[in-house]
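Note that ligands are numbered from 1 as they come in the structure, with each ligand's atoms numbered from 1 the same way. Note that the coordinates shown come from a computational prediction; the quantities given were computed from them, not determined experimentally.
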Amino acid sequence: MSKQKSVKKTTWRSPSNIALVKYWGKYGLQLPRNASVSFTLDKAFTTTSISYYTKETISPDISLSFIFEGQANIKFEDKIRKFLSSIRAYFPFLDELHLDIISENSFPHSTGIASSASSMSALALCLCQIERDESGKLSDEDEFYRKASYIARLGSGSACRSVYPYIAMWGENSSNKDASNEYAIPVVEGIHPVFKTFKDSILIVSDVEKSVSSRAGHALMEGNPYAKSRYTQANEHAEQLIQAMKDGDIECWGKIVEKEALTLHALMMASEPPYILMLPNTLIAIEKIQRFRAEQKVPLYFTLDAGPNIHMLYPEVVKDKVMYFIEKELVSLCVSGRVIHDQTGTGPVKIA
Ligand code: PMV
């Protein structure tokens with residue numbers, strides 16, 4: 001007679017994030033060349049469930065199945081198997097358990113929302129939850145999230161910033177003695193409340209998969225002649241941005257945010273080989289946003305990820321004016337008129 005399997009389950013929902021000061025350039029095992037700061041998003045999230053039970057025999061092979069958005073996905077399954085295999089030292093239970101992983105995103109692909117950030121942070125949180133439930137370790141909340149951030153970083157650098165509400169910082173920086181290259185930290189103390197009300201409306205200028213991956217982009221920073229001064233600048237920007245958020249100085253904040261976005265793309269254009277991810281409509285939208293801000297005196301700023309889509313950042317109080325502006329001037333620049341409306345959020349949630 002076969003033994004009855006005892007199956008347990010954990011589910012976490014974790015958001016994506018958008019960098020304000022960009023992480024671009026890395027070394028070693030996903031360690032950043034400079035500090036970065038991000039807004040945690042709210043509506044763009046991944047929900048991941050892991051059902052698990054003890055394998056018949058303990059073995060170093062990772063035993064798992066992976067269902068993405070309702071379908072078996074061998075490519076993702078292989079990636080996750082490799083990743084889990086690389087982090088076995090942090091979770092010894094991986095040798096003992098079979099995992100059935102189910103994952104889905106609340107947002108579509110190739111829209112300028114980092115699915116790697118939400119998915120890797122959701123997976124890391126589930127793994128930490130299993131450790132907590134099975135071993136009684138990680139009962140301390142700070143320790144729990146720090147480990148989740150550390151593990152998420154190993155999966156996809158910027159994912160480490162997704163485990164905290166509203167604002168997170170990753171990478172050593174003189175603005176905070178607790179900042180680390182190994183995990184992100186929440187940025188809370190003294191931040192002006194207006195930054196908790198920020199909206200992020202994403203103009204989908206293109207929904208085509210980008211031609212150069214972030215992985216390749218990071219690697220190209222190694223030969224970039226501007227790399228050294230860039231890392232210094234980013235660390236200064238991180239300090240200045242945090243200060244601007246403490247002062248409630250949206251203008252100073254916005255100047256840094258836009259400079260960061262344009263610098264990221266300038267670095268791509270100055271790589272060997274050089275490449276351009278912005279599209280004509282990206283530039284048209286940027287010009288319109290800057291003109292609207294100057295003429296209407298509305299604190300609306302933009303940032304870009306490593307792609308052509310535009311994240312429009314603005315405080316809630318100017319929402320109606322910005323919505324009207326988007327409808328009138330920007331929707332026509334977007335693929336099928338698509339704009340995704342998100343906002344800063346309260347961070348991951350344990351669902352079950
Ligand atoms: O975490 P990665 O390897 O996907 O790199 C993210 C790079 C940017 O999104 C461009 C910047 C950032 O800090 O998120």
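For the atom pair CE of Met245 and CD1 of Ile250, the computed distance is 11.5 Å after rounding to the nearest 0.5 Å.
Distance from atom 5 (O) of ligand 1 to its nearest protein heavy atom, with residue and atom name: His218 NE2, 3.0 Å. Distance from atom 7 (C) of ligand 1 to its nearest protein heavy atom, with residue and atom name: Tyr23 O, 3.5 Å. The protein heavy-atom contact nearest to atom 8 (C) of ligand 1 is Asp305 OD1, 3.5 Å.
Set against the non-hydrogen atoms of Ser156, the atoms of ligand 1 under 4.0 Å away are 1 (O), 4 (O). The contact set between ligand 1 and Ala19, taken as ligand atoms under 4.0 Å from a residue heavy atom, comprises 12 (C), 13 (O), 14 (O). Proximity to Gly157 (heavy-atom distance under 4.0 Å) selects the following atoms of ligand 1: 1 (O).
For Tyr164 and Trp170, the distance between ring centers is not under 6.0 angstrom.
Taking a cutoff of 4.0 Å between a charged side-chain nitrogen and a carboxylate oxygen, Lys8 and Asp133 do not qualify as a salt bridge. Classification of Asp342 and Lys199 as a salt-bridged pair fails, no side-chain N sitting under 4.0 Å from a carboxylate O. Salt-bridge formation is not detected for the pair Arg291/Glu329: no Lys NZ or Arg NE/NH1/NH2 atom is positioned less than 4.0 Å from an Asp or Glu carboxylate oxygen.
In this structure the side chain of Lys321 never reaches within 4.5 angstrom of the side chain of Gln296, judged on heavy atoms. With a 4.5 Å cut-off on side-chain heavy atoms, Phe66 and Ile102 do not count as touching.
Looking at Ser158 against ligand 1, both its backbone and its side chain come within 4.0 Å, counting heavy atoms. Contacts between Arg161 and ligand 1 below 4.0 angstrom, taking non-hydrogen atoms only, involve the side chain exclusively.
Between Asn17 and ligand 1, no N or O atom pair is found at a separation short of 3.5 Å. For a threshold of 3.5 Å applied to N or O pairs, the pair formed by Trp24 and ligand 1 contains no separation below that value. Checked by distance only, ligand 1 and Lys26 stay at 3.5 Å or farther apart across all their nitrogen or oxygen atoms.
When Arg146, Arg132, Lys350, Lys147 are each tested for a salt bridge (Lys or Arg N to Asp or Glu O under 4.0 Å) with Glu141, only one passes: Arg132.
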